[in-house]
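Before any comments, here is the structure.
Keep in mind the model is a prediction, meaning the values are calculated, not measured. If you read the sequence from its start, that first residue is 1, and numbering goes on from there. Indexing begins at 1, ligand by ligand and atom by atom, following the structure's order.
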Amino acid sequence: MCGIVGYIGPREAAPILLDGLSKLEYRGYDSAGLAIYNDGVITVERAVGKLVNLYEKTDGGNKLKGTLGIGHTRWATHGKPNEVNAHPHSSENFSLVHNGIIENEAELRRTYLRDVEFASDTDTEVVVRLLEKFTSEGEEMDVAIMHLIDIIEGSYALAIIDRRDPDHMYAVKNKSPLLVGKGEGFNMIGSDAMAMIAHTDTFYEIQDKEFAIVTRDSVELYTSYSKRIDREPYKAELDLSDISKGTYPHYMLKEIEEQPLVIRRIIGEYQNEAGELTVPEEILADVRDCDKIYIIACGTSYHAGIIGKHFFENIAGKPAESCVASEFVYNTPLLTEKPLFIFISQSGETADSRAVLVKIKEMGYKSITLTNVKGSTLSREADHTLLLYAGPEIAVASTKAYTAQIAVLAILAASVKNRIGIDLKYELALIANTIEGLCGDRELYNRLAEEYIAPSRNCFYIGRGVDYYVCLEAALKLKEISYVQTEGFAAGELKHGTIALIEDGTPVVAVITQSNTNLNTRSNVKEVISRGAKVIRISSKSLSTRKDQIVIGDVHEMLSPLVSVVPAQYLAYYTALHRGCDIDKPRNLAKSVTVE
Ligand code: AGP
């Protein structure tokens, strides 16, 4: 979940690395560090907390002279987030940065490094110490790297420099993402393209257990058994403006308000020549051929998956189940005879989901990945990919990727079989307009968040059917960025125990967009009001009453999550704002969760 950048070229490395790290801070932000080579010496600077602390400590990088270096933002897995544990980690000759987890670090320490005194509590230091040991015993650098690949178990993206070598940097990868950026007279290493896009749009993919030897003018890729790989670089379709906040105070607000554009882009991308929304025939064939769809995802993507299950069963008549990846991988349910797996992941790098993909591939089952990131691990390793076209999502709290996931799932389900005759193109266009309308009501959400939710320690979202599924996502959004303890609850289930938590002033947000459960949910609202709750109602226009504070335009009931989630995203945003939270980088979280 950490972020890595490396640079070798003619320019001062430190400012370039700091700029690259600022694009990766979403991956982790409890500490950061740089290692810069200059004239036979590697200088390391590290700072606890946000990148700005390292920036200040190094005067924007100007204090560190040298044209070769590596940098890192950390999300702690081993050892406290302090300066000693911050990367880069160094031995006598090497400095390296690492993203991932070395699973057999204890065994490696016992087997190879008994006499070594470690400076930190990290698993990463084991790697740099091993490299020092192997090279000091006479192994050439490439041999020592292959030796590492051979004995290390776990996930790693590594960038390495050597104080005796001004002309090389090394990249090694297994399970954690890493790219090499190809420049003219310079080259870079980065956890993702965004860290390098200001300098180059051309990248080499590094696959698992491969390594790269990078100089100012060349990039050589090798397998773990020393075979040179002949791989063409690819061009990333990323624009610097896509990753800037523009005039918005936070990425999250920008991304919420990009949702109409994203839905319209999806309509454009999934349209065939006849103007119908569909997906490639080979994907449809695999979906039609299966006897059950298993949707695998985490967090927000899992919440989109639950709605996907609803679509597959109700639009396409296909049995489906949505599963939390980290549970599924070690507690796999009894599978049907011909299962098909759909992975949903904004980043395409989530380790929990990938563990399932590896497992089901070994079992010989087919897979489709829905992702926002072309060329990501889950995309490369699945049989098929459907892209989300949401554009880079920077805020840790996922917003536009969630709605994009739901829209693409609806298109996939309706392309398989449209049993209910839904005119998806029309409905999605209407939804884009309806969300645009909701974006005009910022002040209302701001006021409700300030008055109802921000002062409270806890909060409930209640709803039934797809409204309940939206409540799960709405609750996650609120808790992850405002730290208000929130539960998304099936409205009818509340009275079976949890209603005991309702007291004077407890905020309850009810989502009411389904005509078949409208009155039932309203009864549940009365139950909580009579126990002191302060209720915000989000309802669709045709079901609304005068007391409902947030009324959303009518859309097809099955697709209402695409719209009803938007006020909930705003409520989370404004609650976090009133509570003084760091909205785009909430505590303890990282955008891309690349450890299990
Ligand atoms: C949502 O706001 C969170 N950032 C988190 O739950 C996220 O959805 C989850 O980690 C899965 O990530 P992915 O979609 O990139 O796989």
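Ring centroids of Tyr469 and Tyr302 are separated by 6.0 Å or more, keeping the two rings apart.
Protein residues with a heavy atom closer than 4.0 Å to ligand 1 are Cys298, Gly299, Thr300, Ser301, Ser345, Gln346, Ser347, Thr350, Val396, Ala397, Ser398, Leu476, Lys477, Glu480, Val593, listed by chain and number.
The side-chain hydrogen bond (donor to acceptor under 3.5 Å, both in side chains) check on Tyr294 picks up nothing, with sequence neighbours excluded. Considering only residues two or more places apart in sequence or on other chains, Glu103 meets the side-chain contact (heavy atoms from CB on, under 4.5 Å) condition with Ile101. Taking the salt bridge (charged side-chain N to carboxylate O under 4.0 Å, His left out) definition, one finds that Lys366 meets it with Asp286, sequence neighbours left out.
Scanning both residues, Lys318 and Glu313, for their nearest heavy atoms gives O-CG, 3.3 Å. Taking every heavy atom of both residues into account, Glu349 and Leu378 meet most closely at N-CD1, 4.2 Å.
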